[in-house]
K.L.:
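One structure, as structure tokens, below. Some questions next.
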Number of protein chains: 2
Amino acid sequence: MSPTVRPPSFTHKHNHAACIADAIKAAEQCCAQNGTRFTSQRRRVLELIWQSHKPVTAYSLIKSLRKEKENTEPPTVYRALEFLQENNLVHRIESLNAFVGCEHPEKEHRSQFMICNQCDQAMELRNSRRIENAISTEASKLGFAISSSTVEITGICPSCQ
Amino acid sequence: MSPTVRPPSFTHKHNHAACIADAIKAAEQCCAQNGTRFTSQRRRVLELIWQSHKPVTAYSLIKSLRKEKENTEPPTVYRALEFLQENNLVHRIESLNAFVGCEHPEKEHRSQFMICNQCDQAMELRNSRRIENAISTEASKLGFAISSSTVEITGICPSCQ
DNA sequence: AGGGATATGTTATATATTAACATTTTACCA
DNA sequence: TGGTAAAATGTTAATATATAACATATCCCT
């Protein structure tokens, strides 16, 4: 079954239920493949993150979870987030101390985000070899061996202009 | 007087006293030009930041300042940092919640950093139009209007390899 | 069923940042 | 030159973010 073709996440009107469903299905498949356990807590956190394309903070997740289960403590959420990050299911947005669902979790990859100051949505670039290549070129010019990268662009998204 | 020519900051052996001196002199000139006040507190914080090329956290600055003046409270440091950032004298490293001296504060600019996992030093790229262009190109392809960008690459610097 | 590995619960604390209001210092000009 | 508004700093407290450490439960394998 081929993945759903869907407009970029900045397109404000889209069938977001499909985003969520696809993300959960992809997560199940990833975890099955990796032999990691997609427990109900982890699933619930991932679902909450996918409620929108806006990065959410750990503490807003804690608040949400407390509506369902009173004494949800920080480690619960941070552990789930750690798991989801390790399995490429969510990305951390460093400039916001927040987390957003990964839109193509199939394999580990460097990520680049465009984050709208108006609607707060974050869009992950797909297949942006251009930026990656530019970074790799600069690094090798300097003799720097890359292990990870953070690229977060803020501004106004097309739908908000 | 032309600026000192100096090897890139990742070169572990360099005359770091000159880095500090140049940074302070540049700060004086910037502030004079902008009509902003380079008070002794701000100068002291900038000097502390420039003790090395390693990004420092706000709290490590507070600790340092407390050795000189017992009751230094967080707002003291955060205000100085705010001023220094506004005047392009320091950059914030989002992925570390830490601050590092700007190596070319003459005018506002987008910054890109390479951060070594071994020696913890951060090097700011100079004139890296390549990365900026790649980002601009991607953004305009998507119709995204950039207002700021965060580019932080981690890995191993040449001196540490 | 036993037992080690993994996950979750629980309590406490560390780290990072800002709000709000009081006081002091500076710049400027009447 | 002294009055005053703006800017800077002091002070107290609160909020936001993240992790340590240890206890208990659950899962998976044989």
Side-chain angles (χ1 to χ4, degrees), chain A residues 27-28 30-49 54-66 68-87 89-100 120 150 152, chain B residues 27-28 30-49 54-66 68-87 89-100 120 150 152:
Chain A
E28 283 168 353
C30 286
C31 292
Q33 229 163 14
N34 303 345
T36 56
R37 282 152 66 182
F38 193 50
T39 63
S40 65
Q41 281 208 92
R42 292 165 175 173
R43 169 190 302 259
R44 191 71 195 108
V45 169
L46 187 59
E47 284 169 353
L48 287 171
I49 289 173
K54 302 179 190 179
V56 292
T57 65
Y59 271 72
S60 86
L61 290 168
I62 292 173
K63 274 186 198 160
S64 299
L65 285 172
R66 280 186 176 151
E68 304 170 0
K69 182 165 173 305
E70 258 194 39
N71 57 342
T72 301
E73 302 302 329
T76 301
V77 161
Y78 281 102
R79 283 168 182 157
L81 288 170
E82 187 181 21
F83 174 89
L84 296 170
Q85 286 180 269
E86 282 168 354
N87 286 268
L89 299 170
V90 307
H91 291 290
R92 185 173 205 277
I93 306 295
E94 301 291 347
S95 55
L96 298 174
N97 295 338
F99 302 84
V100 70
D120 297 326
T150 299
E152 295 167 8
Chain B
E28 283 168 354
C30 287
C31 291
Q33 228 163 16
N34 303 346
T36 55
R37 284 152 65 182
F38 192 50
T39 63
S40 65
Q41 280 209 92
R42 291 164 176 175
R43 171 190 301 260
R44 192 70 195 107
V45 169
L46 187 59
E47 284 168 353
L48 287 172
I49 289 172
K54 302 179 190 180
V56 293
T57 64
Y59 265 71
S60 85
L61 291 169
I62 292 172
K63 275 186 197 163
S64 299
L65 286 172
R66 280 187 175 152
E68 304 170 1
K69 182 165 174 304
E70 258 195 36
N71 57 342
T72 302
E73 301 301 329
T76 301
V77 161
Y78 281 102
R79 283 166 182 159
L81 288 170
E82 187 181 22
F83 173 89
L84 295 171
Q85 285 180 271
E86 281 167 356
N87 286 269
L89 299 170
V90 307
H91 293 289
R92 184 173 206 277
I93 306 295
E94 301 291 345
S95 55
L96 297 174
N97 296 340
F99 302 84
V100 71
D120 297 327
T150 299
E152 295 167 8

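In what follows, chains carry the letters A, B, and so on, assigned in the order in which the sequence lines appear, proteins first and then strands, with residues in each chain numbered from 1.
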K.L.:
Check whether the aromatic ring of Y59(A) stacks on the base of dT17(D), taking stacking as ring centres less than 5.5 Å apart and planes within 30° of each other.
P.N.:
yes
K.L.:
Which comes earlier along DNA chain D counting from the 5' end, the contact point of P74(B) or that of L96(A), where each point is its nearest nucleotide?
P.N.:
P74(B)
K.L.:
What is the distance, rounded to the nearest whole Å, between atom CD of E70(A) and atom P of dT10(C)?
P.N.:
12 Å
K.L.:
Does a side-chain N-to-carboxylate-O contact under 4.0 Å join E47(B) and R42(B)?
P.N.:
no
K.L.:
Could you give me the CA-CA distance, side-chain angles and deciding distance for T150(A) and E94(A), then say whether side chain to side chain donor-acceptor pair (under 3.5 Å) is met?
P.N.:
CA-CA 8 Å; T150(A) 299; E94(A) 301 291 347; 4.8 Å; no
K.L.:
R79(B) near the nucleic acid: base, sugar-phosphate alone, or nothing, with a heavy-atom cut-off under 4.0 Å?
P.N.:
base
K.L.:
Think T39(A) has a side-chain N or O under 4.0 angstrom from the OP1 or OP2 of dT8(C)?
P.N.:
yes
K.L.:
If you compare every side-chain N and O of N71(A) against the phosphate oxygens of dT10(C) (OP1, OP2), does one of them come in below 4.0 Å?
P.N.:
yes
K.L.:
Minimum heavy-atom separation for L48(A) and L61(A), please, with both atom names.
P.N.:
CB-CD2, 3.7 Å
K.L.:
Are OP1 or OP2 of dT15(C) and a side-chain N or O of T57(B) less than 4.0 angstrom apart?
P.N.:
no
K.L.:
Let me know the distance between NZ of K69(B) and P of dT9(D), rounded to the nearest Å.
P.N.:
11 Å
K.L.:
Students often get this wrong, so: under 4.0 angstrom with heavy atoms, is K63(A) touching a base, only sugar-phosphate, or nothing?
P.N.:
nothing
K.L.:
Search all heavy atoms of F38(B) against all heavy atoms of R43(B) and return the closest pair with its distance.
P.N.:
CZ-CA, 3.6 Å
K.L.:
Expressed in angstrom and rounded to an integer, what is the separation of L81(B) atom CG from dT18(C) atom C1'?
P.N.:
13 Å
K.L.:
Starting at CD of Q41(A) and ending at P of dT24(D), how long is that distance when rounded to a whole Å?
P.N.:
18 Å
K.L.:
Rounding to a whole Å, what distance do you find between R37(B):CZ and dT25(C):C1'?
P.N.:
7 Å
K.L.:
CG of N97(B) versus P of dA16(D): gap in Å, rounded?
P.N.:
16 Å
K.L.:
Side chain of E73(A) only, please: which of dA16(C), dT12(D), dT10(C) is the nearest?
P.N.:
dT10(C)
K.L.:
Without decimals, in angstroms, what is the distance between L84(B) CG and dA8(D) C1'?
P.N.:
14 Å
K.L.:
If you look at every heavy atom in I62(B) and T72(B), which pair is closest and at what distance?
P.N.:
CG2-O, 3.7 Å
K.L.:
How many whole angstroms separate atom OH of Y78(B) from atom C1' of dA8(D)?
P.N.:
19 Å
